[in-house]
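For reference, the structure is listed below as structure tokens.
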Amino acid sequence: RIRPNFLVAAYGKIIAGDWETGDLYQYDLEANTDNGRPIQRIRSFPHFQNAGKRSSFSRFTLDMECGTTMDTDDHTVTMRYSYDKGKTWKNPMTQSLGALGEYLVWPVWAGSQGLSRDMIYEVSWTSPVDTALNGAYVNVVPAAT
């Protein structure tokens, strides 16, 4: 959840009220933090199913805005997956969001992610840089019967 519970225009500024603490602060669309704190972004994707049949998952690729970092820190995005409907999750794995100017970076997790009747992917990142998650691609091959 984003920090602002409400926004109000006053005195030529946009003032935000924090939903949890009640603090008031100036809202800035150019800022990539919530009142100085990193914004944790999490996106879970729909269940990947094949009519109850097992499928092999081998590659997960993000279509994401990358290469916008303004400092020398290594900004990353983390992916984890579950092949038991979200009951348990495999260890998170990270990929770079690219250095400044590396706009063509595609975070990719290649290699077998296992067989499943119901696969779920989740990505997260907290880097205070401009990013946009545009979509994701998954290589799925129906398993032999």
Side-chain angles (χ1 to χ4, degrees), residues 1-8 14-145:
R1 178 176 179 179
I2 62 172
R3 304 298 315 168
N5 195 38
F6 66 87
L7 301 173
V8 64
I14 298 176
I15 306 300
D18 189 291
W19 68 271
E20 186 175 33
T21 66
D23 291 344
L24 298 176
Y25 49 92
Q26 185 174 342
Y27 194 75
D28 180 2
L29 290 174
E30 300 300 318
N32 289 308
T33 62
D34 272 333
N35 199 23
R37 293 180 291 232
I39 300 170
Q40 183 176 20
R41 298 167 175 97
I42 300 173
R43 172 62 163 100
S44 295
F45 292 87
H47 294 245
F48 289 94
Q49 299 175 336
N50 181 18
K53 299 174 186 169
R54 292 187 320 153
S55 294
S56 173
F57 297 81
S58 61
R59 183 182 182 96
F60 182 78
T61 305
L62 289 180
D63 178 1
M64 188 170 187
E65 180 181 18
C66 292
T68 60
T69 182
M70 294 303 215
D71 53 36
T72 59
D73 290 343
D74 183 22
H75 297 283
T76 60
V77 58
T78 301
M79 182 274 291
R80 68 180 189 158
Y81 62 93
S82 170
Y83 48 74
D84 60 7
K85 301 180 183 182
K87 180 72 174 170
T88 61
W89 294 89
K90 293 307 212 179
N91 289 335
M93 299 172 280
T94 60
Q95 291 291 336
S96 174
L97 287 174
L100 183 61
E102 292 182 336
Y103 304 118
L104 299 178
V105 167
W106 288 68
V108 175
W109 292 268
S112 177
Q113 289 146 14
L115 292 170
S116 177
R117 288 183 171 85
D118 189 343
M119 180 72 89
I120 304 172
Y121 289 92
E122 179 184 270
V123 296
S124 62
W125 66 102
T126 56
S127 298
V129 298
D130 288 338
T131 59
L133 179 58
N134 303 312
Y137 303 95
V138 181
N139 285 12
V140 182
V141 176
T145 56

Between Q40 and T126: side-chain donor-acceptor atoms closer than 3.5 Å: no
Donor + acceptor pair across side chains of T131, W125 (<3.5 Å): yes
[Y] and [X], any side-chain heavy atoms less than 4.5 Å apart:
X	Y	result
Y137	W106	yes
F45	V123	yes
D130	E65	yes
P4	Y27	yes
L62	V77	yes
V141	S58	no

Donor-acceptor pair, side chain of S96 and main chain of G98, under 3.5 angstrom: yes
Identified side-chain contact (heavy atoms from CB on, under 4.5 Å) counterpart of R59 within the set V140, V138, N139: N139
Partner of R117 by side-chain contact (heavy atoms from CB on, under 4.5 Å), out of K53, R54, K85: R54
Enclosure of I14 CD1 (heavy-atom neighbours >12, cutoff 6.0 Å): no
L7 atom CG, neighbour heavy-atom count above 12 within 6.0 Å: yes
side-chain contact (heavy atoms from CB on, under 4.5 Å) partners of [X], counting only residues at least two apart:
X	result
N134	D63, A132
Q113	F57, F60, M79, Y81, W109, M119, Y121
Q49	H47, D118

Carboxylate-amine/guanidinium contact E122 R43, below 4.0 Å: no
Distance (rounded to the nearest 0.5 Å) between N50 CG and S116 OG: 10.5 Å
Nearest-0.5 Å distance, OH of residue Y83 to CD1 of residue I120: 13.0 Å
Closest approach of P107 to Q95 (non-hydrogen atoms, all atoms of both residues): CB-CB, 3.9 Å
